[in-house]
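Counting starts at 1 for both ligands and their atoms, following the listed order. Note that the structure is a prediction, hence the values are computed from the model and not measured. Position 1 is the first residue of the sequence, and the numbers go up from there. Reckoned from all heavy atoms, side chains included, excluding hydrogens, waters and symmetry mates.
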Amino acid sequence: MTNKLKYFIGNWKMFGDFSSLKIIKRINNFCLKFRKKNKNSKVILCVPNILINFFSSKLNSDVISIGAQNCSHNKNYGPFTGSVSASMLKKSGANYVILGHSENRFEGESNKLIMQKIENALEANLKVIFCIGETQKQKNKCQTFSVIGNQLKKSIKKSFDKNKIIIAYEPVWSIGSGKIPKKNELIKTFKFIKNLYKKLFKTKKYPKVLYGGSVNNKNITLFSKISEIDGFLIGGASQSSKKFIDIIKKYYK
Ligand code: PGA
């Protein structure tokens with residue numbers, strides 16, 4: 001159930017400009033040295049669209065991949081003001097895209113719409129980081145498993161290439177709040193997601209499932225003891241090279 005490769009994915013959200021190149025350069029330098037000791041980690045930074053091409057061309061890195069944070073549900077060029085398609089992201093240098101983030105679900109994204117986005121992203125040859133998670137209210141009503149089960153069933157088609165989908169379990173109440181689930185809750189939820197996914201989509205391997213929500217350089221030690229967790233989607237703390245690097249270092253301590 002455990003994957004050897006561990007993911008450290010930054011989600012910059014609405015943060016950064018051209019001067020932020022220095023942040024990503026510091027992370028890149030760290031990764032270049034770190035890779036000599038540890039080949040089992042993968043670092044991805046999901047940045048605002050305007051920075052994708054700038055970062056990927058300036059960095060030209062083989063230790064950090066660049067990703068986007070959302071894409072349009074429309075596939076082809078058309079009258080969709082402000083929208084950017086999956087294939088446009090791919091052409092600008094992204095290799096990954098976060099989809100189904102709760103901050104986008106809050107703005108009205110349904111499971112069905114997210115399914116369309118996943119389909120477009122896979123067709124454009126982007127790998128997908130698909131976010132699922134329950135709200136505080138749903139957790140209080142003991143609906144965590146039914147909510148995340150439903151999100152998986154309604155947004156992933158049997159025909160999708162499962163090797164290109166990474167799941168990120170992000171309890172909505174944990175994002176940016178400093179609160180994290182208890183260790184035994186996490187183990188139960190990760191086992192639930194992995195078993196359900198394997199059963200629903202008849203995959204040979206268990207999916208890669210990351211944790212996201214208030215991950216920092218202090219609580220990472222606790223997370224590192226849970227072998228079912230295959231990596232992390234890190235929001236606020238990924239906007240600082242020091243904090244992000246510290247998380248990776250402490251994970252392997
Ligand atoms: P956070 O965000 O680490 O700031 O809680 C995580 C996310 O939204 O992906």
Minimum-distance protein heavy atom relative to atom 4 (O) of ligand 1: G236 N, 2.9 Å
Kindly state whether the ring of F8 and the ring of F244 have centres lying under 6.0 angstrom apart. no
For L233, the atoms of ligand 1 under 4.0 Å from one of its heavy atoms are 9 (O)
Does some non-hydrogen atom of G176 fall short of 4.0 Å from ligand 1? yes
Under 4.0 Å from a heavy atom of G213: give me the atoms of ligand 1 that qualify, with their elements. 5 (O)
Do K194 side-chain atoms and M1 backbone N/O form a donor-acceptor pair below 3.5 Å? yes
Check: K162 side chain, F160 main-chain N or O, donor-acceptor pair, under 3.5 Å: yes
Per-atom contacts of ligand 1 with H101, taking only distances under 4.0 Å to non-hydrogen atoms: 7 (C), 8 (O), 9 (O)
For N11, the atoms of ligand 1 under 4.0 Å from one of its heavy atoms are 7 (C), 8 (O), 9 (O)
Would Y211 and S174 count as a side chain to side chain donor-acceptor pair (under 3.5 Å) here? Give the steps. CA-CA 11 Å; Y211 171 78; S174 170; 2.8 Å; yes
For F223, which of Y251, Y169, F232 qualifies under ring pair (Phe, Tyr, Trp, His ring centres under 6.0 Å)? F232
Expected list for residues 9-16: side-chain donor-acceptor pairs under 3.5 angstrom, two or more places apart:
from, atom 1, to, atom 2, distance (Å)
N11, OD1, K13, N, 3.2
W12, NE1, S238, O, 2.8
K13, NZ, E103, OE2, 2.8

Protein contact to atom 2 (O) of ligand 1 [nearest heavy atom, distance to 0.1 Å]: K13 NZ, 3.3 Å
Quick check: does any side chain N or O of N120 sit under 3.5 Å from a backbone N or O of K117, one acting as donor and the other as acceptor? no
Ligand-side contact atoms (ligand 1) for residue partner E170, heavy atom cut-off under 4.0 Å: 6 (C), 7 (C), 8 (O), 9 (O)
Check each of C46, S214, S238 against atom 1 (P) of ligand 1 and report the one with the nearest heavy atom. S214
Just to confirm my output: which protein heavy-atom neighbour is closest to atom 3 (O) of ligand 1, and how far is it? G235 N, 2.9 Å
